[in-house]
There are 2 protein chains.
Amino acid sequence: MSRKEAKSPRKTAQEHPVKRALPRAGEGKRGVDGHLAYLLRQAHAAVRQALEKALAETGITHPQFVVLTLVRAYGDLSGAEIARLAVITPQTANTITTNLVRLGALARHPDPSHGKVLRLSLTETGRNLLARARPRTEAVERDLAATLPAEFEAPLRQWLVRVATDLGDPSRDR
Amino acid sequence: MSRKEAKSPRKTAQEHPVKRALPRAGEGKRGVDGHLAYLLRQAHAAVRQALEKALAETGITHPQFVVLTLVRAYGDLSGAEIARLAVITPQTANTITTNLVRLGALARHPDPSHGKVLRLSLTETGRNLLARARPRTEAVERDLAATLPAEFEAPLRQWLVRVATDLGDPSRDR
DNA sequence: TCCAGATTATCAGAGCCCTGATATATACGT
DNA sequence: ACGTATATATCAGGGCTCTGATAATCTGGA
């Protein structure tokens with residue numbers, strides 16, 4: 001990986017010109033004593049930024065990658081179905097899919113048995129984009145898995161799922 | 001906690017008019033077999049939406065609440081310091097603080113020993129907003145803690161912190 | 001048959017969050 | 001003292017996400 005090989009020790013002294021020492025991630029209230037919601041937010045922000053950085057050269061965003069992956073996994077989907085699967089509102093799904101249609105990665109076509117539903121299908125461009133993006137996100141996924149002790153993975157996954165179901169379902173009644 | 005008491009069985013039949021049965025949160029690839037990044041995204045989305053819903057009546061957003069909490073916890077902060085603490089870019093921090101200044105919750109004043117830095121301090125309005133918002137977010141925090149087996153809390157917190165430090169640090173070199 | 005409710009798609013507006021770029025201010029080595 | 005590097009604040013632009021509102025479509029029961 002060789003991320004920061006310290007090509008020169010030009011930053012030996014203080015990191016920032018701040019007067020007070022503020023905690024870095026992992027210290028103080030930013031560490032194990034912080035609110036769970038805050039820690040979850042912080043971890044998610046780090047992962048999202050890592051993913052966006054990994055995808056930058058492909059020309060698609062992380063939400064766009066998620067939608068393409070869902071369409072590939074479940075077959076042609078409607079905007080409403082994408083919204084439910086991705087835990088976003090139908091309006092947000094519409095924003096993302098509209099951008100993907102403009103990019104040529106998705107195509108809309110009417111549902112054969114429902115005059116209002118528009119199904120989204122992957123185009124050749126979309127499949128190519130996904131093929132280029134996938135290894136990059138898998139690298140992040142591996143970095144993420146590397147932070148995880150083996151015996152801790154199963155309970156963690158169960159907890160993440162449980163949070164989504166327990167807190168997510170009540171909020172779906174909008 | 002009595003979350004889903006099933007007040008009426010008016011939705012007994014199919015949930016949605018979809019032809020194919022798509023997994024709900026917790027099922028299939030949306031469950032314990034999914035990518036960690038996906039599960040983390042899903043859990044975070046659920047928590048964020050729960051928080052936004054809880055804060056809706058207060059007139060502030062969750063990011064605004066986070067910034068107000070940071071200023072309260074660490075004293076007057078600059079925009080750059082807020083960005084580092086909240087794991088967002090300085091530009092984003094500037095957006096949020098500008099909105100909070102417009103709301104009258106924060107006030108900018110020049111740093112006594114640095115002619116460029118603008119420090120942000122809580123106003124009376126800001127303290128009142130925070131006082132009204134805090135119990136609401138604490139309720140969500142309790143719901144979140146309720147999903148957590150006691151012996152699992154410590155390793156979970158450590159993992160969340162580790163993700164932020166391990167994946168967050170390399171991405172800071174922008 | 002017809003109407004009420006549910007589902008879907010989409011417009012409008014606002015806030016968050018990013019990248020890129022610009023201008024000012026401080027710190028440090030030469 | 002000067003110049004480079006570092007920090008900070010902020011403008012501009014675009015994508016994501018939400019709430020609210022509107023219209024079209026379908027389903028099921030009176």
Side-chain angles (χ1 to χ4, degrees), chain A residues 8 10-19 41 44-45 48-49 51-53 55-57 59-67 77-84 86-103 108 110-111 113-120 171 173-174, chain B residues 10-18 41 44-45 48-53 55-57 59-67 77-84 86-103 108 110-111 113-120 171 174:
Chain A
S8 71
R10 67 187 161 192
K11 284 291 290 305
T12 49
Q14 76 205 89
E15 284 271 347
H16 303 289
V18 292
K19 284 96 218 158
R41 175 192 175 84
H44 175 258
R48 176 173 47 75
Q49 287 180 23
L51 283 167
E52 281 172 358
K53 188 165 200 161
L55 289 174
E57 297 175 39
I60 62 172
T61 67
H62 181 223
Q64 288 170 357
F65 173 77
V66 170
V67 166
L77 295 173
S78 67
E81 289 168 342
I82 289 173
R84 285 191 292 269
V87 198
I88 56 182
T89 61
Q91 296 93 321
T92 299
N94 192 42
T95 298
I96 301 171
T97 56
T98 297
N99 284 333
L100 285 170
V101 168
R102 183 162 42 75
L103 288 175
R108 285 191 232 264
D111 185 281
S113 66
H114 192 300
K116 181 73 173 177
V117 170
L118 291 177
R119 300 221 161 259
L120 293 151
S171 79
D173 59 10
R174 68 181 56 157
Chain B
R10 66 186 161 192
K11 286 288 288 302
T12 48
Q14 78 205 85
E15 284 273 348
H16 303 291
V18 293
R41 174 192 176 84
H44 175 257
R48 176 174 46 76
Q49 286 180 23
L51 283 167
E52 280 173 0
K53 188 166 200 161
L55 288 174
E57 297 174 40
I60 62 173
T61 67
H62 182 223
Q64 287 170 356
F65 173 78
V66 169
V67 166
L77 296 172
S78 67
E81 289 169 342
I82 288 173
R84 285 190 291 270
V87 197
I88 55 181
T89 60
Q91 295 94 318
T92 299
N94 192 44
T95 298
I96 301 171
T97 55
T98 297
N99 284 334
L100 285 170
V101 168
R102 182 163 42 76
L103 289 175
R108 286 190 229 264
D111 186 281
S113 66
H114 192 300
K116 181 73 173 174
V117 171
L118 290 177
R119 299 221 162 260
L120 293 151
S171 77
R174 69 182 55 154

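Contact annotation: A:Ser78 side-chain N/O to C:dT8 OP1/OP2 distance is not under 4.0 Å. The side chain of A:Arg48 contributes no N or O atom lying less than 4.0 Å from OP1 or OP2 of C:dC16. In this structure, B:Gln91 does not reach the C:dT19 phosphate: none of its side-chain N or O atoms is under 4.0 Å from OP1 or OP2. Applying the 4.0 Å criterion to OP1 and OP2 of C:dT8, one finds that A:Arg84 has a side-chain N or O inside that range.
Side-chain polar atoms of A:Thr98 and A:Arg108 form a donor-acceptor pair below 3.5 angstrom.
The OG1 atom of A:Thr89 sits 8.0 Å away from atom CD of B:Gln49, with the distance rounded to the nearest 0.5 Å. The OG1 atom of B:Thr61 sits 7.0 Å away from atom CG of B:Leu100, with the distance rounded to the nearest 0.5 Å.
Out of D:dT17, D:dC18, C:dT24, the shortest distance to the side chain of B:Lys116 is found at C:dT24. Considering only side-chain atoms of A:Thr92, the nucleotide from D:dC26, D:dC16, C:dT8 that sits closest is D:dC16. The nucleotide whose nearest atom lies closest to any side-chain atom of A:Thr95 is, among C:dG15, D:dC16, C:dA9, D:dC16. You'll find that the side chain of B:Arg102 is closest to C:dG15, out of D:dT8, D:dT17, C:dG15. When the nucleotides D:dT10, C:dG15, C:dT8 are ranked by their closest atom to the side chain of B:Gln64, C:dG15 comes out on top. Closest to the side chain of B:Ile88, from the set C:dG15, C:dC18, D:dT17, is C:dC18. Of the listed nucleotides (D:dA9, C:dC18, C:dT10), D:dA9 has the atom at the smallest distance from the side chain of B:Leu118. Nearest nucleotide to the side chain of B:Pro90, out of C:dG15, C:dA9, D:dT10: D:dT10.
Atom-to-atom, CG of A:Asn99 to C1' of D:dG15 comes out at 6 Å; the value is rounded to the nearest Å. The CG-C1' distance, from B:Leu120 to D:dT8, rounds to 12 Å in whole Å. Nucleotide C:dC16 holds its C1' atom 17 Å from the NE2 atom of A:His62, rounded to whole Å. If you measure from atom CG of B:Asn94 to atom C1' of D:dC11, you get 9 Å, rounded to the nearest angstrom. Atoms CG (B:Asp111) and P (C:dA25) sit 14 Å apart, rounded to a whole Å. In this structure, the NZ atom of A:Lys53 is 21 Å from the P atom of D:dG15, given to the nearest Å. Between the NE2 atom of B:His44 and the C1' atom of D:dC16 there is a distance of 13 Å, rounded to whole Å. D:dA9 atom C1' lies 15 Å from atom CD1 of B:Ile96, rounded to whole Å.
Heavy atoms of B:Thr61 sit under 4.0 angstrom from primed sugar atoms or phosphate atoms, though from no base atom.
Using a 4.5 Å cut-off on side-chain heavy atoms (C-beta onward), B:His62 and A:Arg41 make contact. B:Leu77 places none of its side-chain heavy atoms less than 4.5 Å from the side chain of B:Val67.
The only member of A:Ile96, A:Thr97, A:Leu55 that meets side chain to side chain contact (heavy atoms under 4.5 Å, CB included) when paired with A:Gln64 is A:Ile96.
Residues A:Arg108 and A:Glu52 both approach DNA chain C. Their nearest nucleotides, taken by heavy-atom distance, put A:Arg108 toward the 5′ side.
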